[in-house]
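Scroll down for the structure; my scribbles are underneath it.
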Amino acid sequence: QRLLGGGVKLDEDTLDAIEELLIGADMGVQSAVRITRTIESRLRETGGEADLPSVLRVIRGDVRQILSEAKPKVKPLTWDDALEPGADRKKGRKIRTPVAAEPPARESAADVRVVFVVGVNGTGKTTSIAKLGYLLQQRGHRVLLAAGDTFRAAAVEQIQVWAERIGALCVAQAPGADPAAVAYDAINAAVARGCDTVIVDTAGRLHTKTNLMAELAKVVRVIRKLTGHDPQTLLVVDANTGQNGLAQARVFAETIPVEGLILTKLDGTAKGGIVVAIAETLGLPVLYVGMGETVADLAEFDPGTFADALFA
Amino acid sequence: DLTRRLEGAMRKLAGQPQLTEDNIKEALREIRLALLEADVHYQVAKDLVARVREQALGQQVLQGLQPAQQVVKIVHEELKRLLGGETASLQLPAKGMATVMVLGLQGSGKTTFCGKLARQLQKEGRRPLLVAADIYRPAAIDQLETIAGQVGVPVFSDRVKRSAPQIVKLGQRKARDNDCDVLIVDTAGRLHIDQTLLQELNDIDKMVPMDEKLLVLDAMTGQEAVHIAEQFAAQVGYDGVVLTKLDGDARGGAALSVKEITGKPIKLVGVGERLDDLEVFHPDRMASRILG
Ligand SMILES: Nc1nc2c(ncn2[C@@H]2O[C@H](COP(=O)(O)OP(=O)(O)OP(=O)(O)O)[C@@H](O)[C@H]2O)c(=O)[nH]1
Ligand SMILES: Nc1nc2c(ncn2[C@@H]2O[C@H](COP(=O)(O)OP(=O)(O)OP(=O)(O)O)[C@@H](O)[C@H]2O)c(=O)[nH]1
Ligand SMILES: [Mg+2]
Ligand SMILES: [Mg+2]
């Protein structure tokens with residue numbers, strides 16, 4: 001009846017408890033099976049007792065490691081290799097970290113950092129953009145928000161309110177406009193207005209809708225053509241999401257180069273364990289966590305803190 | 001799919017006349033894995049498999065049915081039964097003004113659902129009025145007003161900083177003045193652990209008693225679905241569940257967990273972003289979907 005690895009010297013009750021905690025945190029069956037299969041040898045390594053607290057300590061260490069070592073291993077299936085994310089790094093230009101040390105001189109679109117925020121419907125993209133803009137501004141950046149959701153009712157109004165609240169510029173067009181055109185406009189406006197960062201909002205979309213995923217790829221191509229490099233794409237995942245989160249991450253990352261995740265709604269009771277499977281399987285790191293509905297409720301991701309909270 | 005997975009697990013049954021403890025052990029494990037992968041709650045999956053085991057044991061291996069198919073059939077029937085057997089509809093009073101309150105976590109699809117419900121009721125010959133009782137989210141009022149315009153129904157909103165219960169009261173008055181017969185109240189997304197905001201829902205209900213309270217739940221919700229549903233049921237109470245974003249590929253195990261633990265029926269499902277994308281919940285279709 002037991003799901004998890006055989007040959008473990010732990011007693012039935014302890015194994016039951018581990019199983020329930022891992023599954024209950026939305027870590028998923030695969031992660032749970034894999035982690036517990038190596039528990040006994042790991043316990044021996046660390047000289048731990050065969051009891052629940054020791055096991056959880058080992059698992060937390062495992063999780064922290066998986067999350068801190070995550071490096072993207074999935075590329076868009078049709079991506080142009082000449083312009084893949086690694087390319088610019090070779091020229092000595094660090095575009096990986098979303099937080100730059102010093103905003104470079106903005107003389108052309110090439111110098112504007114573009115953050116591209118995507119994800120399925122209702123995960124917290126627009127709100128996270130406001131929070132990220134606020135965070136970057138506090139560090140001295142001049143941020144411009146692009147109202148790239150030209151589809152949903154009052155999506156433009158929503159981000160305009162946020163822009164006003166954080167004191168950032170906002171570029172928008174008429175509802176139904178081409179999102180690529182909005183992004184294009186916004187980047188040029190950033191150059192004209194001396195902004196070093198543009199954060200582009202997009203409409204929520206289920207990863208199963210091929211035409212909507214293709215639209216996303218098109219917007220990224222337009223941004224690339226204008227700036228000469230990929231935007232930093234952040235995939236927003238709701239902490240309440242179950243196993244579907246892995247499918248979401250896979251399809252988005254196979255469509256456009258995804259830098260990392262924003263994990264939202266961690267102020268709820270869900271643990272967000274799906275990011276462990278996403279890190280293991282796809283190598284996508286969590287870069288930020290959302291913990292509430294105000295602009296201050298965004299923090300840089302800390303694997304240790306997250307691992308500690310998993311089975312709290 | 002589950003049948004194929006079980007076929008591997010049940011190869012031992014070749015030539016066996018009966019389903020026994022030993023020869024269905026692997027199959028039961030596969031079923032449990034499938035349910036957990038579908039986001040069915042840990043305990044719910046365990047209990048379900050225990051019941052399937054009880055029903056399966058001692059059964060004769062039926063003529064014309066592969067043993068794997070036989071076990072899948074037991075599981076499918078059990079799921080269907082748990083999900084509510086028959087479709088359940090909204091219980092709106094035929095006479096007078098019906099009142100519906102829509103509640104749930106942030107981003108679950110409440111505002112969109114309010115528009116879909118208004119369109120559906122309008123098609124059925126009713127005259128709905130939407131109430132914008134989300135006083136927190138930026139442009140929430142704009143969103144519902146836009147949707148109301150798209151459906152062609154009146155909406156009551158307030159930008160003068162009134163409380164949610166006051167807004168609903170005024171909305172009811174506007175509905176009466178406009179000869180509307182259904183009040184659909186959109187509320188702000190909130191956490192199931194936020195006592196202040198849970199109280200707000202109760203205050204709305206006290207101000208204008210609600211005939212139907214609906215919990216809107218995202219179909220991709222994971223293990224926490226049970227906790228979420230329990231809290232809303234205990235602190236606020238609701239009559240039914242609306243499962244949204246079923247046009248994706250989330251297996252939707254949350255539906256089973258919620259129904260099993262709280263007993264509340266799933267009444268409607270959202271299958272897209274357009275205001276027409278609303279369907280009645282079909283337990284048998286959901287059962288197949290969960291089993292993958
Ligand atoms: N509790 C909590 N709520 C959040 C968090 N992030 C976003 N929200 C809420 O989630 C809801 C949806 O947020 P949005 O920013 O509109 O989500 P979105 O992904 O842009 O939605 P679409 O554009 O419609 O796909 C809003 O009510 C937000 O206030 C978070 O970290 N915690
Ligand atoms: N694909 C799909 N998208 C949906 C469905 N229902 C709602 N959405 C989308 O989900 C996102 C969130 O919907 P909202 O109606 O704003 O959700 P909400 O519960 O009112 O959000 P808050 O008020 O912030 O709590 C929007 O992008 C909607 O278009 C559905 O059934 N299918
Ligand atoms: Mg949005
Ligand atoms: Mg809403």
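Only a predicted model underlies this, so the values are computations on that prediction, with no experimental measurement involved. Chain naming here is simple, since letters A, B, ... match the order of the sequence lines and numbering starts at 1 in each. FYI, side chains are in, hydrogens and waters are out, and symmetry mates aren't considered; it's all heavy atoms of this structure.
For chain A, the option among A225(B), A250(B), A254(B) with the highest count of heavy-atom pairs below 4.5 Å is A250(B). Contacts with chain B were tallied for A239(A), A247(A), G24(A); G24(A) has the most, counting heavy-atom pairs under 4.5 Å. When each of Q231(B), H192(B), R251(B) is scored by its heavy-atom pairs under 4.5 Å with chain A, the top score falls to H192(B). Your options are G189(B), G149(B), A38(B), G107(B), and the one with the most heavy-atom pairs under 4.5 Å with chain A is G107(B). Each of T123(A), V120(A), T264(A), L206(A) has some count of heavy-atom pairs under 4.5 Å with chain B, and the biggest count is that of L206(A). With chain B as the partner, the residue from N121(A), I159(A), T126(A) showing the most heavy-atom pairs under 4.5 Å is N121(A). The greatest number of non-hydrogen atom pairs below 4.5 Å with chain B, out of G245(A), A25(A), G122(A), A155(A), is found for G122(A). Between chain A and the residues E145(B), H41(B), H227(B), the most heavy-atom pairs under 4.5 angstrom are made by H227(B).
T221(B) places none of its side-chain heavy atoms less than 4.5 Å from the side chain of T241(A). Counting heavy atoms from C-beta on, the side chains of Q223(B) and K271(A) never come closer than 4.5 Å. Counting heavy atoms from C-beta outward, D247(B) and T208(A) have side chains that stay 4.5 Å or more apart. Considering only heavy atoms from C-beta on, D218(B) stays 4.5 Å or farther from N240(A) through its side chain. Taking the side chain as every heavy atom from C-beta outward, D16(A) and K46(B) approach each other to under 4.5 Å.
Side chains of N244(A) and D249(B): a donor-acceptor N/O pair is present below 3.5 angstrom, by distance only. Counted by atom type alone, Q106(B) and E293(A) present one or more donor-acceptor pairs between their side chains at under 3.5 Å.
Under a 4.0 Å N-O distance rule, the pair R137(B)/E157(A) does not qualify as a salt bridge.
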Give the intermediate values and the outcome of side chain to side chain contact (heavy atoms under 4.5 Å, CB included) for residues Q43(B) and E20(A). CA-CA 8 Å; Q43(B) 198 55 49; E20(A) 189 158 5; 4.0 Å; yes
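Note that CD1 of I193(B) is 7.5 Å distant from CG of D267(A), once rounded to the nearest 0.5 Å. Distance check, rounded to the nearest 0.5 Å: CE of M220(B) to CG of D238(A) gives 6.5 Å. In this structure, OG1 on T294(A) lies 14.5 Å from OH on Y136(B), to the nearest 0.5 angstrom. With rounding to the nearest 0.5 Å, the separation of CZ in R152(A) from OG1 in T112(B) is 7.5 Å.
In R165(A), the CZ atom is crowded: over 12 heavy atoms of neighbouring residues, nucleotides or ligands sit closer than 6.0 Å. Within a 6.0 Å radius of CD in E164(A), other residues, nucleotides and ligands contribute 12 heavy atoms or fewer.
Looking at V156(A), neither its backbone nor its side chain comes within 4.5 Å of chain B, counting heavy atoms on both sides. Using a 4.5 Å cut-off between heavy atoms, L105(B) touches chain A through its side chain atoms alone. Contact annotation for K209(A): only side-chain heavy atoms (C-beta onward) come within less than 4.5 Å of a heavy atom of chain B. The contact between I228(B) and chain A is made entirely by side chain atoms (from C-beta outward), counting heavy-atom distances below 4.5 Å. In this structure, chain B has no heavy atom under 4.5 Å from any part of Q160(A).
D39(B) and G242(A) get closest at one heavy-atom pair: OD1-CA, 3.3 Å. Contact detail for L36(B) and Q243(A): the closest heavy-atom pair is O-CG, 4.2 Å. Between V161(A) and P138(B) the shortest heavy-atom distance is CG1-CB, 3.7 Å.
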